[in-house]
Each structure stands twice: as C-alpha cells, then as structure tokens.
Amino acid sequence: MLKLIEQMLDKVLVNNDNFLLHEAMRYSSLNGGKRIRPLLAIASGEIAQAPLNTVLVVGVAIELIHCYSLIHDDLPAMDNDDLRRGRATCHKQYSEAVAILAGDALQTKAFELLSSDKLELDLATKVKIIHYLAVSSGNQGMVGGQCIDILSTGNFLTMAQLEQMHMLKTGALIKASILCGYLTGTTYNADIYNNLELVATNIGLLFQITDDILDATANTVTLGKTANKDLINDKATYVKFLGLKQTQHLATTIYAATIELIHQLPHHTSLASLCEFIYTRDN
C-alpha cells in the first residue's frame, strides 16, 4: 500500500511552470513520512469494501493536509524547528515565504482532488467527505488545536483541556482519515460507523500520547526531528502532566480498549495492525 500511496503523491504533485513552489511542495511531501493517515483511510475502507482507487485518493488528499500542517508547524512563528523527517525543514530549505505558500498550496490541492470529477463517488458522499475534512482541518479541528497548543505553552492546563487540545490538533485529522475512508465504501452500516467513531477517537488520542512519550524518550536520529523539543519549549504534554510511567500506562490502557473494539468490526485486520503500529512505533 505504501508504494501506491507514494506513486499517487508523486503523480498529483507533478511540477508545473512555478517550479520553486512545486519543488517545495514535493520536498515536504515526498520525503519518507509514515503515511499513517492514508493507510488508516484504506484500512477503514476495507471494512466497507471500498474500491481501492477511490479510497486511495481520499487518503492522499488527507496526507496533503497533514504535510501542509507540518510545514506550518515548523515555521519560526510556530514550533521553530530546523529538522523534519531527518532533513532541513521547508522554510530552512526554501525560505519562510515559500514554505508558507507551499503549505497553502498543499491544502488547496487536497480539496482539488476531493472535488474532482475523477473521484468516483456519488455527489452526496463526496460533499460529506469534503465537509468532514474541512471541519477536521480548520478552527474546529487541527488548526484550532494548534492555536490552543501555542497559547498554552508555558501555562497550566487541566487534564480535560490537554485532552481537548490533542483531540483537535492531532486526533481530528486521524479521525477524519478513518471515517472518510469508511464513507468511500459500498456497504455502509450506521452501527459500524458509530463504532468506528469511537475507534477513531481512541486512535487519534493514542497517536498523540505515543508522540509525547517518544519526544521524552527517543533521540533525534530515531525521531527524524528534534528530540525533547516539548520539554525545551515548555509544551503541555501527557508526560509533563502525568509523568512518563503513568503516560505509558495510559497508552497501554487505550490501546487494549481500542483493539478490543476493532476486533468487533468486519474485515478489521489492517486497522488492527495499524493500531498496533501506532502503539509500538519508535518514531
């Protein structure tokens, strides 16, 4: 599946006359990411027997949103990072202005893909997916969570506020990947969709908790980005709030509960494997 995802990313990010902008877009998107979001979309699509070519487009569109968010996250006004996926961040390679524009262009490219006539979905489903991703990416989702993250730096958050921030900043797009992937299928079932909502919420939270653990325990080479950056920047994290051991215990508890839910779903093998990967990953 990874090969198919990379091939489609390469295809949709073909260079045009605006060479520098497209080079920056490709630099930040075709550089060895884990592709968790498109993989989750494909895995949940399998539950509803989605055509692979259709769910692949949806997954790649969501990955473009993710890549844009990383470019903007790394900017000096945000997390001010010099390293992403083991090499210079986009603004270090191309300048802040080009990085901002590359992120903007990746975001709009995602909705270009989803609204294209080439995406073979009925109109109602297509609109539902576009709307869900727009909400999940914007002020009620990822961007809203990023804003809370910035404003909370150096300040105290309650456990509920910390969870809300992470459910928006990281969890919203992961949840969108799973639910939008399922919506591309041919055997929609409302009960399964409702169960997937809980699974998707848990996986989004598990991903961020694991990120917090890795930031505190892994090294820069393994992570491909600056290690211990959350501590250096006095960011609100589960490790800061609970301590490392309790955070690891929380991750284990959420993983166990989520796997149990996944095993109740049809055609769940790929989704279960991805949940395990998110829990056990080292970067």
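Excluded from the calculations below are hydrogen atoms, water molecules and symmetry mates; all remaining heavy atoms, backbone and side chain alike, are included. We count residues from 1, following the sequence as given.
- Shown here is Lys240, whose NZ atom has more than 12 heavy atoms of other residues, nucleotides or ligands within 6.0 Å.
- Counting only distance, with no hydrogens or angles, the side chain of Lys126 and the backbone of Leu119 share a donor-acceptor pair below 3.5 Å.
- Using a 4.0 Å cut-off between charged side-chain N and carboxylate O, Arg84 and Asp79 make no salt bridge.
- A distance-only check finds a donor-acceptor pair linking the side chain of Ser273 to the backbone of Thr269 [under 3.5 Å].
- Proximity of a side-chain donor or acceptor of Thr280 to a complementary backbone N or O of Glu276 within less than 3.5 Å is detected.
- Using a 4.5 Å heavy-atom threshold, the side chains of Lys175 and Tyr132 count as touching.
- By the 4.0 Å N-to-carboxylate-O rule, Asp10 lies close enough to Arg26 to be salt-bridged with it.
- Between Ser28 and Leu70 there is no side-chain heavy-atom pair separated by less than 4.5 Å.
- Between the side chains of Tyr238 and Gln208, no donor N or O sits under 3.5 Å from an acceptor N or O.
- Listed for the Ser270 side chain is no donor-acceptor partner under 3.5 Å among the backbone atoms of Ala43.
- Residues Leu133 and Val58 have side chains not in contact (no heavy-atom distance under 4.5 Å, counting atoms from C-beta outward).
- At distances below 3.5 Å, not a single donor-acceptor pair connects side-chain atoms of Arg37 with backbone N or O atoms of Leu173.
- Listed for the Thr54 side chain is no donor-acceptor partner under 3.5 Å among the backbone atoms of Ala50.
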Worked verdict on Glu260 versus Tyr255 for side-chain contact (heavy atoms from CB on, under 4.5 Å): CA-CA 9 Å; Glu260 185 175 345; Tyr255 168 70; over 6 Å; no
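- In this structure, the side chains of Ile262 and Ile203 come closer than 4.5 Å at one or more pairs of heavy atoms.
- The neighbour count for Glu197 CD, taken as heavy atoms of other residues, nucleotides or ligands under 6.0 Å away, is above 12.
- Linking Ile, Leu, Val, Met, Phe, Trp and Tyr whenever their side-chain heavy atoms come within less than 4.5 Å leaves Val143 and Met78 in two separate clusters.
- Contact check for Leu242 versus Val239: no side-chain heavy atoms found under the 4.5 Å cut-off.
- Looking at Ser69, its side chain does come within 3.5 Å of a backbone N or O of His66 through a donor-acceptor pair.
- Looking at Thr237, its side chain never comes within 3.5 Å of a backbone N or O of Asp212 through a donor-acceptor pair.
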Test log, rule side-chain contact (heavy atoms from CB on, under 4.5 Å), inputs Ser44 and Leu179: CA-CA 7 Å; Ser44 63; Leu179 295 182; over 6 Å; no
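- Under the 4.5 Å side-chain heavy-atom criterion for ILVMFWY residues, no single connected hydrophobic cluster contains both Val127 and Leu114.
- A 4.5 Å side-chain heavy-atom check between Arg35 and Leu9 finds at least one atom pair inside the cut-off.
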Derivation and outcome, side-chain contact (heavy atoms from CB on, under 4.5 Å), residues Ile65 and Met142: CA-CA 10 Å; Ile65 295 282; Met142 179 185 70; 4.1 Å; yes
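- Hydrophobic clustering (side-chain heavy atoms under 4.5 Å, transitive across Ile, Leu, Val, Met, Phe, Trp, Tyr) keeps Ile100 apart from Leu20.
- For an aromatic pair to be called close, the ring centres must be under 6.0 Å apart, and His166 with Phe207 fails this.
- When atom types are taken as modelled, the side chain of Tyr27 and the backbone of His22 share no donor-acceptor pair closer than 3.5 angstrom.
- Expressed to the nearest 0.5 Å, how far CG of Leu214 lies from OG1 of Thr217 amounts to 5.0 Å.
- A donor-acceptor distance shorter than 3.5 angstrom exists from the side chain of His268 to the backbone of Leu265, with no hydrogens or angles considered.
- Counting heavy-atom neighbours within 6.0 Å of His263 NE2, excluding the residue itself, gives a total above 12.
- Ion pairing between Lys3 and Glu6 fails under the 4.0 Å rule for side-chain N and carboxylate O.
- For the pair Glu63 and Cys67, the minimum side-chain heavy-atom distance is below 4.5 Å.
- Side-chain contact, Asn195 with Gln264: no donor N or O sits under 3.5 Å from an acceptor N or O.
- Side-chain contact, Thr252 with Tyr279: a donor N or O sits under 3.5 Å from an acceptor N or O.
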Trace of the side-chain contact (heavy atoms from CB on, under 4.5 Å) decision for Asn283 with Lys34: CA-CA 9 Å; Asn283 63 36; Lys34 292 182 287 293; 3.5 Å; yes
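- Residues Leu75 and Asn80 fail the side-chain proximity criterion, which asks for heavy atoms closer than 4.5 Å.
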